[in-house]
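Worksheet for the structure shown next.
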Amino acid sequence: MNHSFVLYRVATHLFSSARMYDHDHTLLDMCRRDDDIDDNHIVSALIEHDFIRKSDDQKPLIFSVNDQLVYSWVYSGENYFLLGPTRFEAVSKDSAESSILLKHNLSFPDMDVSGLIEVIPACTLQILSEDTTIIYNMERNNKHDFLDAQSLIKEMCLPPDEIEDTLETLYQTMFDQVENSFAHNPYNHEKLEVSYIKNGDVESLRRLLQERFPGRYGRLSDDPIKQEIYLAIVAVTLAIRAAIDGGVHPETAFYLSDVSIHKIGTCRDANEIIRLTVETELQCAAMVREIKDSMDEDITPEENPHISRCKDYIFAHMHGKITVKELANAVGLETNYLSTLFKRCEKKTLKQYITEEKVKLIKNLLTYSSYSYIEIATYLGFSSQSHMGMEFKRITGMTPGEYRAKFIREDFMNDSMFVNEE
């Protein structure tokens, strides 16, 4: 039996820790999914507790600590397994999904567990029970000896006639959690996603988005497609804001947002919606990475306010031809002074900057839309399609057609109506 893989799988599923002990309760192996979850001081007390020491080897246990954290203890083969900590996401009279409705609670009055509560993603009793019974059953060969999750839940929870008496305390606990802004299940993921995008860490974001966290999102719609669309819009919105915080100009970021959300809104396949969302998040991180890679270390991070206003005007008028005189009038400076100031601060001329920013938008349009080349050239204020192609190739080394062929997503290619370049 590959116990290391089992520990890894359970820890990943619970987004917590899984430990294996020998019969003397000596730690043999451990997998911790999140380094923020440091519960070693709690585990040390648990292992020495009579509840664990005197436990029946034949039955798994699910129990709470100080009515807040939840663990399971299960014997399988010649080893013991401790899963957790976790916390339960919700409660109802029917589901009994709260630690306070468990039969067993270990109280440690001098132990403060509030710090852990704030970083542990929520789970459900069903998920924890399923992981526990998988470990319990993996060394059993007779199907009649198997334990199912529902039987374990029934065994570990208070009987229905006792649940009513605990609701007042339970609701107060839930109220306290809301008052203290305890994290919902996806919050740790969201914090990491935002951080990776803001820092342009594309590879870390890619790995994170490939992972699955346990638990449930809130129900935003009874329609499963609308549910995914609404979740996607939230994810894209967070990603766009993180990209802006990472240095992407707001107009560029909002343009990508408009294109992505429009495509997501027309989708009728849940998996495709998820794929589009992931690609948008990765694109946001990539744009931040591009900015950070191209930053001149000698440039002061505090931008001249005249330059900032100038850039804002440029991004708001990308669809037309922008002259230096027009910019100077917009920011209230003399034309030659603005040109000199911009060159000194940005290490490039205004014309170079405007062209490079338009090329960045062309890249997004070629990758994320089915607009023809002439439509893109017209939209961004180039005098002709060939003029756009010439500038694009000068900066990227590729023609728009070569770039689109290399980076276009299959879904846009299928419904595109491309025209040949001049």
Side-chain angles (χ1 to χ4, degrees), residues 194-202 236-260 280 283-368 376-383 387-388 390-397 403:
V194 169
S195 174
Y196 291 150
I197 293 171
K198 183 178 178 179
N199 293 304
D201 192 344
V202 180
V236 169
T237 300
L238 289 173
I240 294 301
R241 267 55 179 185
I244 293 172
D245 288 342
V248 177
H249 195 280
E251 288 295 332
T252 302
F254 290 139
Y255 178 80
L256 175 59
S257 173
D258 291 344
V259 173
S260 300
T280 302
Q283 178 70 4
C284 285
M287 290 193 296
V288 175
R289 180 76 271 151
E290 183 179 354
I291 290 173
K292 291 185 180 298
D293 288 344
S294 63
M295 282 181 62
D296 188 332
E297 294 181 359
D298 295 328
I299 297 178
T300 175
E302 187 172 347
E303 189 172 69
N304 184 291
H306 296 301
I307 301 301
S308 295
R309 289 198 297 273
C310 185
K311 288 181 178 179
D312 288 340
Y313 185 90
I314 290 170
F315 278 97
H317 297 80
M318 276 292 202
H319 57 279
K321 184 178 180 179
I322 307 171
T323 66
V324 178
K325 183 177 180 180
E326 179 185 349
L327 277 169
N329 290 335
V331 299
L333 296 177
E334 193 272 329
T335 303
N336 289 335
Y337 177 76
L338 175 61
S339 296
T340 302
L341 178 64
F342 195 92
K343 178 72 178 292
R344 186 174 75 242
C345 292
E346 297 296 316
K347 313 304 182 189
K348 64 185 68 174
T349 66
L350 270 166
K351 182 179 178 181
Q352 289 173 327
Y353 178 82
I354 293 169
T355 302
E356 289 174 5
E357 293 304 315
K358 286 192 175 185
V359 166
K360 290 179 182 178
L361 285 178
I362 294 170
K363 288 180 180 179
N364 286 331
L365 286 166
L366 293 173
T367 303
Y368 292 97
I376 295 174
T378 302
Y379 177 76
L380 292 178
F382 287 94
S383 59
H387 178 216
M388 181 190 76
M390 179 183 66
E391 295 290 356
F392 188 87
K393 186 171 183 178
R394 180 178 63 81
I395 293 174
T396 67
Y403 188 91

Option from Leu238, Thr237, Ile244 for which side-chain contact (heavy atoms from CB on, under 4.5 Å) with Ile240 holds: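 With Ile240 as partner, Leu238, Thr237, Ile244 yield a single side-chain contact (heavy atoms from CB on, under 4.5 Å), made by Ile244.
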Ala242 versus Ile197, closest heavy-atom pair with distance: CB-CG2, 3.7 Å
Taking the side chain as C-beta and beyond, is there a heavy-atom pair between [X] and [Y] under 4.5 Å?
| X | Y | result |
| --- | --- | --- |
| Met388 | Leu380 | no |
| Lys363 | Phe392 | yes |
| Cys310 | Leu341 | no |

Between [atom1] of [X] and [atom2] of [Y], what distance do you get to the nearest 0.5 Å?
| X | Y | atom1 | atom2 | value |
| --- | --- | --- | --- | --- |
| Ile376 | Ile362 | CD1 | CD1 | 7.0 Å |
| His317 | Leu327 | NE2 | CG | 9.0 Å |
| Ser339 | Lys325 | OG | NZ | 13.0 Å |
| Asn329 | Tyr313 | CG | OH | 8.5 Å |
| Arg289 | Asn199 | CZ | CG | 8.5 Å |

By salt bridge (Lys or Arg N to Asp or Glu O under 4.0 Å) - contacts of Arg394 (at least two apart):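 Expected list: Glu391.
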Under the salt bridge (Lys or Arg N to Asp or Glu O under 4.0 Å) test, residues paired with Glu356 that sit two or more places apart: Lys348
Worked verdict on Val248 versus Cys284 for side chain to side chain contact (heavy atoms under 4.5 Å, CB included): CA-CA 8 Å; Val248 177; Cys284 285; over 6 Å; no
Contacts of type side-chain hydrogen bond (donor to acceptor under 3.5 Å, both in side chains), residue Tyr337, not counting sequence neighbours: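 Partners of Tyr337 by the side-chain hydrogen bond (donor to acceptor under 3.5 Å, both in side chains) criterion come out as none, since no residue qualifies.
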All side chain to side chain contact (heavy atoms under 4.5 Å, CB included) counterparts of [X], not counting sequence neighbours:
| X | result |
| --- | --- |
| Thr349 | Lys343, Lys351, Gln352 |
| Ala328 | Thr335, Leu338 |
| Thr340 | none |

side-chain hydrogen bond (donor to acceptor under 3.5 Å, both in side chains), paired with Lys311, selected from Glu357, Glu346, His306: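 For Lys311, the side-chain hydrogen bond (donor to acceptor under 3.5 Å, both in side chains) test succeeds with only one of Glu357, Glu346, His306, which is Glu346.
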Side chain to side chain contact (heavy atoms under 4.5 Å, CB included) between Ile314 and Leu350, intermediate numbers included: CA-CA 10 Å; Ile314 290 170; Leu350 270 166; 4.2 Å; yes
